[in-house]
2 protein chains.
Amino acid sequence: MTYRDSHGRTLQDYPRPSVAVDTAVLSVLPDGRLAVLLANDGDDARLPGTFVHPGETLARAALRALRDKTGVDGREPRQLHVFDAPDRDPRGWVLSVAHLDAVPYRALDFDAGRAELRPVDEVRGLLYGHDEIVRMAVERLRDDYAASPDPAQLMPGTFTLRSLQNLHESVLGIDLPRDTFRRTMEPQLSTTGGIERGGVGKPARTFRTR
Amino acid sequence: MTYRDSHGRTLQDYPRPSVAVDTAVLSVLPDGRLAVLLANDGDDARLPGTFVHPGETLARAALRALRDKTGVDGREPRQLHVFDAPDRDPRGWVLSVAHLDAVPYRALDFDAGRAELRPVDEVRGLLYGHDEIVRMAVERLRDDYAASPDPAQLMPGTFTLRSLQNLHESVLGIDLPRDTFRRTMEPQLSTTGGIERGGVGKPARTFRTR
DNA sequence: CAAATAGTGTCTTTTAGACACTATTCG
DNA sequence: CGAATAGTGTCTAAAAGACACTATTTG
């Protein structure tokens with residue numbers, strides 16, 4: 001059955017845009033800097049993206065692009081914004097749905113030949129205006145990390161409050177007071193009963209997200 | 001010049017989705033209830049929407065749909081979410097970009113034969129799962145109205161603090177303490193120097209948004 | 001023991017809210 | 001004057017932050 005509108009036309013009779021997805025994968029480097037995953041495009045860099053295929057959701061397309069363009073397994077792409085300026089793309093009418101995905105550094109097994117992790121402070125001059133997407137992604141992630149512990153699940157299963165605070169400071173780009181951080185976050189966590197002896201100093205209790 | 005990809009194909013060689021926009025126009029009724037503009041669709045109701053045309057932005061398409069389906073002049077549609085389930089629409093592959101637009105009641109000159117304003121508390125059973133869009137629109141507008149005075153510019157050019165508070169209470173769906181509201185909002189407003197004599201009681205100074 | 005880190009008591013500052021008072025109008 | 005609304009002083013409660021203290025480990 002083909003559906004027809006009041007003029008007897010089907011969906012195929014109207015021009016349609018191409019729809020792309022571009023994803024800012026954010027992660028925290030071992031040195032504590034917040035970074036974004038970029039794909040090489042000739043001499044330039046861009047966010048990994050692709051056109052959406054029939055029968056595919058946007059999130060699925062975003063994950064496929066990450067895998068195909070960078071070798072990375074993404075997790076849960078979230079929509080940020082649809083870029084829709086009609087003359088954005090010289091190839092024609094293309095809408096691009098920007099996404100954010102947060103992936104732990106330890107799970108980022110990217111193909112160094114085709115991709116790089118660049119600290120967000122050093123992102124400038126990406127192709128297709130992707131700087132703006134990075135900016136929106138960082139802002140969204142920072143909003144998420146303002147009040148609750150590791151909402152994007154970047155920590156491993158169990159962790160100490162100190163390591164959780166380090167993560168939050170990396171994401172937010174600011175230092176946090178240790179005592180206030182503990183008082184805010186501890187009630188939102190579960191204790192594992194475990195202890196982590198990290199070398200010098202009093203061993204720390206370990207927690208997990210609830 | 002037609003751009004070709006690495007397989008020598010153009011954008012036209014790939015299947016593309018139809019892209020629709022659906023807009024929740026929110027407004028405050030004279031009785032103080034927050035309401036959404038619905039378009040009649042046979043015996044049922046839905047948010048006004050349309051397919052996006054070539055050369056047109058999403059916001060422009062949303063405004064066109066409001067005008068054509070309800071007779072309303074919208075203002076500044078903002079994106080909420082892209083609904084992308086591949087089997088959403090029986091007519092085929094259709095992405096729908098949900099929008100929010102806030103319009104003052106006094107500017108809502110809608111066509112009563114084709115449209116209605118329904119209090120958001122009474123919205124249930126809209127076509128195409130549009131209940132969910134209304135829910136998202138209300139949530140977003142409430143977030144906006146939590147901390148700053150009339151961010152969607154629903155008030156006229158000058159207004160008293162009491163009338164501003166009434167608006168905020170309508171949008172948020174809760175009562176606010178009068179003294180705290182004043183102390184939060186007044187520093188974010190400019191005085192006009194004007195006075196509004198509203199009948200009984202001390203006349204109120206008028207303000208405008210900065 | 002010194003150094004280092006975990007964990008916490010307590011004081012101060014800030015902010016939101018409660019409450020009540022004064023100010024100014026209409027009828 | 002009484003009723004009604006505008007505007008504000010002040011107290012309390014809650015939350016965030018500063019600071020310093022105790023606790024427990026390694027070397």
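So you know, we letter chains A, B, ... as the sequences are listed, proteins then strands, and number each from 1. Heavy atoms only: backbone and side chains are in, while hydrogens, waters and symmetry mates are out.
Annotation: of the two residues near DNA chain D, Pro203(A) and Pro177(A), the 5′-most nearest-nucleotide partner is Pro177(A).
At most 12 non-hydrogen atoms from other residues, nucleotides or ligands lie less than 6.0 angstrom from CZ of Arg60(B).
The distance between the ring centers of Phe83(B) and His81(B) falls below 6.0 angstrom.
Between dG7(D) and Arg205(B), a contact under 4.0 Å exists linking OP1 or OP2 to a side-chain N or O.
If you check dT25(D), dG7(C), dA3(D) against the side chain of Val200(B), the one that comes closest is dA3(D).
To the nearest angstrom, P of dA15(D) lies 15 Å from CE of Met185(A). Look at CD on Glu186(A): it is 10 Å from C1' on dT8(C), rounded to the nearest Å. Rounded to an integer number of Å, the gap from CD of Glu196(B) to C1' of dA4(D) is 15 Å. Taking atom CZ on Arg178(B) and atom P on dG7(D), their separation rounds to 9 Å, with Å as the unit. Separating the CG atom of Asp179(A) from the P atom of dC11(C) is a distance of 15 Å, rounded to the nearest angstrom. Taking atom CZ of Phe159(A) as the reference point, atom C1' of dA6(C) lies 16 Å away to the nearest angstrom. Spacing between atom CG of Leu164(B) and atom C1' of dG7(D) amounts to 16 Å, rounded to whole angstrom units. Residue Arg162(A) contributes atom CZ, which lies 17 Å from atom C1' of dT24(D) at whole-angstrom precision.
Ring pair His130(B)/Tyr128(B) is tilted by interplanar angle, where 30° to 60° counts as tilted.
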Run Ser96(B) and Asp22(B) through side-chain hydrogen bond (donor to acceptor under 3.5 Å, both in side chains) and show every step you take. CA-CA 7 Å; Ser96(B) 169; Asp22(B) 294 300; 2.7 Å; yes
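Evaluation of atom-type donor-acceptor distances gives a pair under 3.5 Å for the side chain of Arg183(A) against the base of dG9(C).
Across all strands, Arg182(B) comes closer than 4.0 Å to base atoms (heavy-atom distances).
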